[in-house]
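Taking it in order: structure first as structure tokens, then the write-up.
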Amino acid sequence: MKGLCILGSTGSIGVNTLDVAARHPEKYKIVALSANSQVERLLEQCEQYQPEYAVMANEDSAQLLAERLKDKNSSVKVLSGIPGLETIASLDQVDYVMAAIVGAAGLKPTLAAARTGKRVLLANKEALVMSGQIFMDEVKKNNAELLPIDSEHNAIFQCMPEGYKGLSESGITKILLTGSGGPFRTKALSELEEVTPDQACAHPNWSMGRKISVDSATMMNKGLELIEACWLFQTTPDNIQIIVHPQSVIHSMVQYSDGSVLAQLGQPDMRTPIAHALSWPDRIDSGVEKLDFFSVSKLEFEEPDYERFPCLRLAEESIRKGGTAPAILNAANEVAVASFLDNELKFTDIPLIVEQTLNNSPSRPALSLDEILEDDLAARKEAEQLIALRVKQAK
Ligand code: NAD
Ligand code: MG
């Protein structure tokens, strides 16, 4: 029986994780759940899954949840804030931590899971993008297991040999990172300026939270995934080829020196990578419908369009630069996306804000978490100022 902590249990990945785990009550015990602000949602989950702990991001919501639970004579312990999240990620009775908080907010609790030697199921790519080497060092030092949940990285992991030590040691010539191209792959460039948050969040193949949906539409998601792949598989952008594959049937591939290409295929349903990472090296039922090849009409592949999607270039430049540059990129992107979702900033302004923030924010070697968080904060302030200026000019 493995004890499971889900950071961000009310989100898209969180709910899918509960769905898979609940299919195997003899294998997984839900020890802890957490949410940002959805008190009622977390209350429902507490009633259904009876965890030992529940954490709300802020004190007031935590108090509200505690009262609601008390009314129901529940014994669930309620904690709050980052310290609460770090506590549940480090509990002795927790073996596996699903890191499914969106954005930088997930960094500290995910690091806590690595530091306490857990199996970390990493959906929260922003945490790794920000802290790169520091995160990987903690995993190694504390004998944690790092299993990717991002469908592409999970696919790549599945196509790698057991005990992977590095690309050349494994006879690998390239990682082929696929992406659907998002909802605006073929939209006229002139129309992109006016797209709404709801249009950007209507992904053709995947159903996801709003932040990652916008990232998919700008293709910043693929950029963040490029950085994520560099850290997970200890390589550089030179060894990673991004391939646009609109059907999202192939989830990524690995090319070997003998000419073989291994791919992982499946339905676009996150329960597959979640089940894989929960049960690895075994396999369990995920509830996902089997892939029917006769209903897959065709598989198409295209080169990514760096002009239409400048975020791809910005992400690649930032990982090549290294240090705190990816954290600055990520911070600016989080602020710009939130502003777009608030109907403040135009869709096409997102890459502009990210690029200007990168230009105006000096990066440095990422030697400590404090330095990373300082540069993250400074980049957020810079991006906010740039957005305020832009919004004022547009009026
Ligand atoms: P979501 O918005 O649906 O859920 C986010 C979760 O994090 C929620 O439970 C929310 O309550 C919690 N949360 C948000 N802000 C928080 C804060 N400040 N403090 C504490 N908790 C907070 O997002 P999602 O789509 O489930 O994505 C989660 C992560 O997984 C992201 O990093 C995303 O990039 C990654 N991911 C998601 C998918 C997908 O299919 N949804 C696929 C690959 C990777
Ligand atoms: Mg992905």
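Ligands are counted one by one from 1 in listed order, and the atoms in each one are counted from 1 as well. This chain uses plain numbering: 1 for the first residue, then up along the sequence.
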*Taking the six-membered ring for Trp, are the ring centroids of Phe184 and Phe347 within less than 6.0 Å of each other?*
yes

Test: [X] and [Y] ion pair at under 4.0 Å:
X      : Y      : value
Asp137 : Arg115 : no
Glu317 : Lys321 : no
Arg119 : Asp95  : no

*With 2.8 Å as the limit, jot down which protein N, O or S atoms are around the Mg ion (ligand 2).*
Asp150 OD1, Glu152 OE1, Glu225 OE2

*Heavy-atom distance under 4.5 Å between the side chains of Ile328 and Ser363, does that happen here?*
yes

*Are the side chain of Asn124 and the backbone of Gly103 linked by a donor-acceptor contact shorter than 3.5 Å?*
yes

*Taking only heavy atoms of the protein into account, state which residues are under 4.0 angstrom from an atom of ligand 1, in chain and number order.*
Gly8, Ser9, Thr10, Gly11, Ser12, Ile13, Ala35, Asn36, Ala57, Ala100, Ile101, Val102, Ala105, Ala123, Asn124, Lys125, Glu126, Asp150, Met208, Gly209, Ile212, Met270

_In terms of relative ring orientation, are His251 and Trp206 parallel, tilted or perpendicular, with 30° and 60° separating the classes?_
tilted

*Do any pairs count as a salt bridge (Lys or Arg N to Asp or Glu O under 4.0 Å) and have a residue in residues 104-113, sequence neighbours left out, and if so which ones?*
none

*Return each pair, listed once, that meets salt bridge (Lys or Arg N to Asp or Glu O under 4.0 Å) where at least one residue sits in residues 383-395; pairs must be two or more places apart or across chains.*
Asp349-Arg390

